[in-house]
Structures are given as structure tokens and as C-alpha cells.
Amino acid sequence: MRHWLMKSEPERFSWDDLRASPRRTTVWDGVRNYQARNLLRDEIRKGDGVLFYHSNANPPAVVGTATVARAGYPDPSQFDPESRYHDPKFDPENPRWFVVDIRADRALRTPVGLPELREARGLEKMVLLRRGSRLSVQPVTATEWKIILRLGGLAPRKA
DNA sequence: GCCAACGTTGGC
DNA sequence: GCCAACGTTGGC
């Protein structure tokens, strides 16, 4: 399985919101960036691991892990005129935006804040920490995953 | 295809 | 709230 990091502003949709969702699962919709779209559509598989990251928080932090419950499919919100994510240029034959479903897995015992991530050995090359990096869905290596779970107080193995 | 203007993200 | 970095749009 591969690993990913997904950003969400807690004001908009938090880790607790995910845990409170039916079956602890939600549609990861509204991604409107082509690079992230390509990951959602082409790369992310059912069963992959997700680090749930709170952006625009104090401090920004990885707060929990989730599992991809369903691989990429067209984002329903692009077709919905009522949705804030509605894309007026949509073509039903050729959907532009994609989603995955994710299910909350484990909360970190202690959230791992951005300053701590920056200081941790082995995370120097994380996409998240790259200058100017804004990707809201991004790859995480298996090593980075293990390091962050350990920093968060979780044993790396168990589900 | 260039690039200026504009919009968004996200740390601080 | 500020603003740097980045992405997108659209005139030409």
C-alpha cells in the first residue's frame, strides 16, 4: 500500500468531523488542482494509508490516519449547481475532477505539529515541507509514514 | 505561446 | 490580516 497526506482546514472539515461521519467515512471532494486530481484519479488505491493534516490551524498538524475506502471516481460536486464546488464548465462525458472516499482510522495520541515535522530527522524531503508547497493531496513515503506515526505516539504496525 | 492580472493557499 | 508562492485565466 502507498501513503498520502491530505490537508483540510479544521474550520471547514476536521478530523473530528470525519470521525463523526457515517461509518467514519467521507467523500474527499472539492479538490480543484490538476496535480492533486491526477493523484486522486490515477494513483491512489483502495486500502492506501492517509495522514490527515489540519492546515490553517494552530499549529498546523498531522492529527490522525485514515484509509482509502474507495479509489478514484468522478467528483459529484462538479455537476451540482448547488455545490460550492460546482464547475460550470463540466462535461458529464469527460469529468474533470475526481474524489476518493476515506475512512478515519486512528487518531494520533499526540498531534504532530508543523514545527516538529520540520525538526524531525528523516522528514527533510517531505513534500509538505518543501518551500511553497501547496498540494492538498500529496505522496508520503513509507519511511515518512513510520516516522510520523512514531512521533504521534502510535505503534507503526497495528491497524 | 507569452505573460500580466488575478485568485487561492496556507503559514505566520 | 498580511503576504509569499503558486496556479489559472485570458488578451494579444
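Reckoned from all heavy atoms, side chains included, excluding hydrogens, waters and symmetry mates.
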Between A:W4 and A:F52, does a ring pair (Phe, Tyr, Trp, His ring centres under 6.0 Å) hold up when you go through it step by step? CA-CA 9 Å; A:W4 312 93; A:F52 196 102; over 10 Å; no
Exercise answer: donor-acceptor pairs, residues 13-21 of chain A side-chain atoms, under 3.5 Å, sequence neighbours excluded:
| from | atom 1 | to | atom 2 | distance (Å) |
| --- | --- | --- | --- | --- |
| A:S14 | OG | A:D16 | N | 3.3 |
| A:S14 | OG | A:D17 | N | 3.0 |
| A:S14 | OG | A:D17 | OD2 | 3.2 |
| A:D17 | OD2 | A:S14 | N | 2.8 |
| A:S21 | OG | A:D17 | O | 2.8 |
| A:S21 | OG | A:L18 | O | 3.4 |

I'd like to know if the side chain of A:E144 and the backbone of A:A142 have a donor-acceptor N/O pair within less than 3.5 Å.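 Side chain of A:E144 to backbone of A:A142, a donor-acceptor pair under 3.5 Å: no, none is there.
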Give each protein N/O atom lying under 3.5 Å from an N/O atom of nucleotides 3-12 of chain B, with the pair distance.
| from | atom 1 | to | atom 2 | distance (Å) |
| --- | --- | --- | --- | --- |
| B:dT8 | O2 | A:R134 | NH1 | 3.1 |
| B:dG10 | OP1 | A:K7 | NZ | 2.8 |
| B:dG10 | OP1 | A:R134 | O | 2.8 |
| B:dG11 | OP1 | A:Y53 | OH | 2.8 |
| B:dG11 | OP2 | A:N56 | N | 3.0 |
| B:dG11 | N7 | A:N56 | OD1 | 3.4 |

Pairs touching residues 52-75 of chain A that satisfy salt bridge (Lys or Arg N to Asp or Glu O under 4.0 Å), sequence neighbours left out: A:R32-A:D75
Heavy atoms only: give me the nearest A:P10-A:S55 pair and the separation to one decimal. CD-O, 3.1 Å
